[in-house]
Asker: 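Once you've had a glance at the structure underneath, I'll fire off some questions.
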Amino acid sequence: MDIEDLRTFVEVADAGGVTSAALRLGISKSMVSRRLVRLEAELGVQLLARSTRGASLTEAGATFRDYAARISAEIDMARETILPAGELRGRLRIAAPLSFGPTHFAAVIAQMARRHPHLQIQTCYSDRFVDLIAEGYDCAIRVGILQDSSLIARRVGPLYGSFVASPDYIKTHGSPETPDELVAHQALMQGTETWQVMDGDKIITIRPQGRFKADNGVALAVAAVAGLGIAALPDDLIKDYLASGELVLVMKRHPPPPAGIYVVRPPGQRPARKVRVLTEMLIECFDHAPRSTR
């Protein structure tokens with residue numbers, strides 16, 4: 001029984017179809033189908049019920065899926081154990097934010113690929129919330145303040161942010177000085193998130209309101225420059241605007257609390273070595289990053 005056939009079956013089962021699994025694996029749909037047919041012939045049982053809408057597990061497939069996943073994980077662990085020190089093989093799927101990923105994390109990921117020529121790396125850059133388990137990612141790089149979840153997170157560096165607005169907005173609407181005043185202003189947000197502000201050593205949570213929303217930090221910075229409201233953004237996204245005077249700092253006595261850069265992964269006994277190596281490289285790059293705007 002071919003280990004790649006087992007791994008492909010698990011991907012199809014988790015992705016809910018051949019097309020999605022092929023994208024995850026980086027191979028053709030015909031290759032996925034051949035592996036499934038070969039595995040079912042080897043077992044002498046149908047594992048998947050196929051339709052135009054996708055593929056669903058049969059009763060036998062649902063039982064076999066967990067065994068196949070455990071076998072694949074054990075094989076990966078065995079390979080890590082016997083490989084020469086430092087050598088990585090296989091595939092690493094990473095989800096990274098679009099606002100920060102290409103400018104901050106892409107170089108680290110490229111360096112990892114250079115050091116490990118037998119490792120296949122696929123990175124998805126998107127500011128949407130990626131479901132690591134449902135979409136088959138090994139890990140994600142996330143920035144900000146993490147929400148509660150079952151995922152396992154490792155902090156790899158600090159992330160500093162500031163409240164900013166354009167001079168024209170401040171001239172028209174004034175500059176808030178307290179958390180209560182901030183709530184009355186137009187907030188530029190990604191969704192319905194809360195904001196946190198420092199009050200001495202305390203952290204206060206507020207619920208800002210605003211009519212302009214975007215799921216990308218760069219777009220929110222542009223909206224702030226256009227005078228649409230106040231934004232809470234990472235310092236690295238706004239430093240050029242601050243230097244040019246297109247944006248100014250507000251709420252200086254009540255800044256956002258320091259956040260972080262994290263590697264998150266699905267729950268399990270221990271992270272795969274490829275995830276550990278990526279985490280260590282990110283820590284080396286970002287753990288001692290200085291603050292840039294204050």
Asker: Take Thr194 and Ile206 through the side-chain contact (heavy atoms from CB on, under 4.5 Å) test and state the conclusion after the steps.
Answerer: CA-CA 6 Å; Thr194 59; Ile206 64 173; over 6 Å; no
Asker: Give the cluster check for Ile145 versus Leu159: same hydrophobic cluster or not, with ILVMFWY residues linked at side-chain heavy-atom distances below 4.5 Å.
Answerer: no
Asker: Just checking, Arg93 and Tyr137: is the charged tip under 6.0 Å from the six-membered ring centre and within 45° of the axis?
Answerer: yes
Asker: In the single-linkage hydrophobic clustering (I, L, V, M, F, W, Y; side-chain heavy atoms under 4.5 Å), do Leu92 and Leu23 co-cluster?
Answerer: no
Asker: Which one of His185, Met251, His254, Lys252 satisfies the side chain to side chain contact (heavy atoms under 4.5 Å, CB included) criterion with Phe163?
Answerer: Met251
Asker: Main chain of Leu47, side chain of Glu40: is a donor-acceptor contact present, judged purely on distance under 3.5 Å?
Answerer: yes
Asker: To the nearest 0.5 Å, tell me how far Ile27 CD1 sits from Glu4 CD.
Answerer: 8.0 Å
Asker: Going by side chain to side chain contact (heavy atoms under 4.5 Å, CB included), Leu6 matches just one of Ile3, Val10, Asp2. Which one?
Answerer: Ile3
Asker: Dump the intermediate steps for side-chain contact (heavy atoms from CB on, under 4.5 Å) on Met281 and Ile109, then the final yes or no.
Answerer: CA-CA 9 Å; Met281 292 180 67; Ile109 295 171; over 6 Å; no
Asker: Is there a donor-acceptor pair under 3.5 Å between the side chain of Lys213 and the backbone N or O of Gly191?
Answerer: yes
Asker: Is it true that a side-chain atom of Asp127 and a backbone atom of Leu98 form a donor plus acceptor pair closer than 3.5 Å?
Answerer: yes
Asker: side-chain contact (heavy atoms from CB on, under 4.5 Å) between His104 and Asp236: does it pass, once the steps are laid out?
Answerer: CA-CA 10 Å; His104 289 70; Asp236 280 352; 2.9 Å; yes
Asker: Between Arg128 and Glu135, does any NZ, NE, NH1 or NH2 come within less than 4.0 Å of an OD or OE carboxylate oxygen?
Answerer: yes
Asker: Can any side-chain N or O of Ser244 pair as donor or acceptor with the backbone N or O of Tyr241 at less than 3.5 Å?
Answerer: yes
Asker: For Thr123 and Ile94, indicate whether the former's side chain and the latter's backbone hold a donor-acceptor pair under 3.5 Å.
Answerer: no
Asker: Measure from NZ or CZ of Arg155 to the centre of the six-membered ring of Phe286, then state whether that distance is under 6.0 Å and the direction lies within 45° of the axis.
Answerer: no
Asker: Answer with yes or no whether the hydrophobic clustering places Val183 together with Ile203; edges join I, L, V, M, F, W, Y residues whose side-chain heavy atoms lie under 4.5 Å apart.
Answerer: no
Asker: Any side-chain to backbone donor/acceptor pair from Lys274 onto Leu88? Under 3.5 Å, distance only.
Answerer: no
Asker: Tell me, please, which residues at least two apart from Asp14 pass salt bridge (Lys or Arg N to Asp or Glu O under 4.0 Å).
Answerer: Arg65
Asker: Looking at Arg50 and Leu48, would you say the former's side chain and the latter's main chain have a donor-acceptor pair under 3.5 Å?
Answerer: yes
Asker: Just verifying a value: how many Å separate Leu282 CG and Glu280 CD, rounded to the nearest 0.5 Å?
Answerer: 10.5 Å
Asker: Between Ser166 and Leu247 (side chain of the first, backbone of the second, donor and acceptor by atom type, cut-off under 3.5 Å), is there such a pair?
Answerer: no
Asker: Establish whether Phe129 and Tyr262 are linked, either directly or via other cluster members, by ILVMFWY side-chain heavy-atom contacts under 4.5 Å.
Answerer: no
Asker: Do you reckon Leu132 sits in the same ILVMFWY cluster as Ile152, going by side-chain contacts under 4.5 Å, direct or chained?
Answerer: no
Asker: Closer than 3.5 angstrom, by distance alone: can the side chain of Glu181 be matched with the main-chain N or O of Glu177 as a donor-acceptor pair?
Answerer: yes
Asker: Would you check if the side chain of Thr103 reaches a backbone N or O of Phe100 as a donor-acceptor pair within less than 3.5 Å?
Answerer: yes
Asker: Rounded at 0.5 Å granularity, tell me how far OG in Ser99 sits from CG in Leu233.
Answerer: 8.5 Å
